[in-house]
Amino acid sequence: EYGPGARYTWHYDNGRLTNGRVLTCIYYLNADWGDEDGGALRLLEAPQDEETFPSRVSQEVEPSLDTLVAFWSDEVPHEVLPPRHRSRLALSVWYLDPRFGAEQFTQGSPL
């Protein structure tokens with residue numbers, strides 16, 4: 001749950017190939033969500049090199065009920081914009097593979 005004003009700045013879910021995350025899946029649980037509520041998932045285009053910050057938006061996904069988003073954890077930079085007036089609910093699941101980093105298998109998830 002993300003309360004009003006809470007956000008995640010841009011990141012990769014497995015940018016350094018350390019935690020085993022291969023596929024990120026996010027399922028939204030927000031009934032009657034509109035543009036005025038904010039809280040969108042912003043998918044960004046990956047920069048050409050590791051020294052550059054992603055700046056081009058490829059897609060914004062409104063966190064509406066029954067919306068499922070899936071993307072490659074090591075290839076898609078993204079951020080979560082802050083909800084404005086109410087809490088945003090989402091269920092995140094990752095497909096894990098130890099060939100893409102063993103951290104989650106040995107240390108668990110830092111929830």
Side-chain angles (χ1 to χ4, degrees):
E1 178 177 347
Y2 297 89
R7 67 172 297 152
Y8 275 110
T9 58
W10 83 269
H11 64 283
Y12 292 90
D13 283 349
N14 192 9
R16 295 191 178 113
L17 297 179
T18 59
N19 64 21
R21 294 176 181 177
V22 177
L23 185 67
T24 297
C25 301
I26 305 169
Y27 179 70
Y28 291 106
L29 305 163
N30 306 293
D32 302 318
W33 198 272
D35 285 337
E36 69 279 358
D37 292 311
L41 171 69
R42 180 178 285 164
L43 303 173
L44 303 163
E45 291 182 14
Q48 296 298 320
D49 60 72
E50 292 182 15
E51 303 299 319
T52 306
F53 294 109
S55 59
R56 294 182 54 130
V57 175
S58 66
Q59 187 74 36
E60 281 193 6
V61 180
E62 188 176 277
S64 299
L65 182 64
D66 286 336
T67 299
L68 176 65
V69 181
F71 54 89
W72 299 116
S73 302
D74 65 331
E75 295 180 11
V76 180
H78 58 284
E79 62 183 329
V80 179
L81 303 178
R84 293 187 188 102
H85 309 292
R86 56 191 245 198
S87 293
R88 183 182 73 90
L89 301 173
L91 174 67
S92 297
V93 177
W94 294 275
Y95 173 78
L96 301 174
D97 185 329
R99 294 175 295 175
F100 291 89
E103 186 177 274
Q104 295 246 191
F105 295 89
T106 59
Q107 298 174 10
S109 180
L111 296 178

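Bear in mind the structure is a predicted one, so any value in this text is a computation, not a measurement.
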To the nearest 0.5 Å, what is the distance between [atom1] on [X] and [atom2] on [Y]?
X	Y	atom1	atom2	value
Asp13	Cys25	CG	SG	10.5 Å
Arg88	Leu81	CZ	CG	9.0 Å
Ile26	Thr67	CD1	OG1	11.0 Å
His78	Thr9	NE2	OG1	10.0 Å
Asp66	Ser64	CG	OG	9.5 Å

- Other ILVMFWY residues reachable from Trp72 by side-chain steps of under 4.5 Å: Leu17, Val22, Leu23, Tyr95, Phe100
- Other hydrophobic cluster members with Trp10, side-chain heavy atoms of Ile/Leu/Val/Met/Phe/Trp/Tyr under 4.5 Å, chained? Tyr12, Leu44, Phe53, Val57
Note, [X] side chain near [Y] side chain (heavy atom, < 4.5 Å):
X	Y	value
Val69	Gln59	no
Val93	Tyr27	no
Tyr28	Leu68	no

Please find the pair of heavy atoms, one from [X] and one from [Y], that lie closest to each other, and give the distance.
X	Y	answer
Arg84	Gly38	NH1-N, 3.3 Å
Pro54	Pro47	CB-CD, 4.0 Å
Pro63	Ala40	CD-CA, 3.9 Å
Glu62	Trp33	OE2-O, 3.2 Å

- Message: For residues Val80 and Val61: do they belong to one hydrophobic cluster (side chain heavy atoms under 4.5 Å, members Ile, Leu, Val, Met, Phe, Trp, Tyr)?
- Response: yes
- Quick one: do Val76 and Tyr8 end up in the same hydrophobic cluster if we chain Ile, Leu, Val, Met, Phe, Trp and Tyr together by side-chain heavy atoms under 4.5 Å apart? yes
- Query: How would you list all residue pairs meeting salt bridge (charged side-chain N to carboxylate O under 4.0 Å, His left out) that involve residues 91-101, not counting sequence neighbours?
  - Reply: Asp97-Arg99
- Just by distance, with hydrogens left out, do Asn19 and Asn14 show a side-chain donor and acceptor under 3.5 Å apart? yes
- Task: Check side chain to side chain donor-acceptor pair (under 3.5 Å) between Thr52 and all other residues, then give those that pass, not counting sequence neighbours.
- Result: Asp49
- Residues passing the side chain to side chain donor-acceptor pair (under 3.5 Å) test with Ser92, sequence neighbours excluded, are none
- Task: Just grab all the side-chain hydrogen bond (donor to acceptor under 3.5 Å, both in side chains) pairs involving residues 34-46, residues at least two apart or on different chains.
- Result: Arg42-Glu60, Arg42-Glu79, Glu45-Arg56
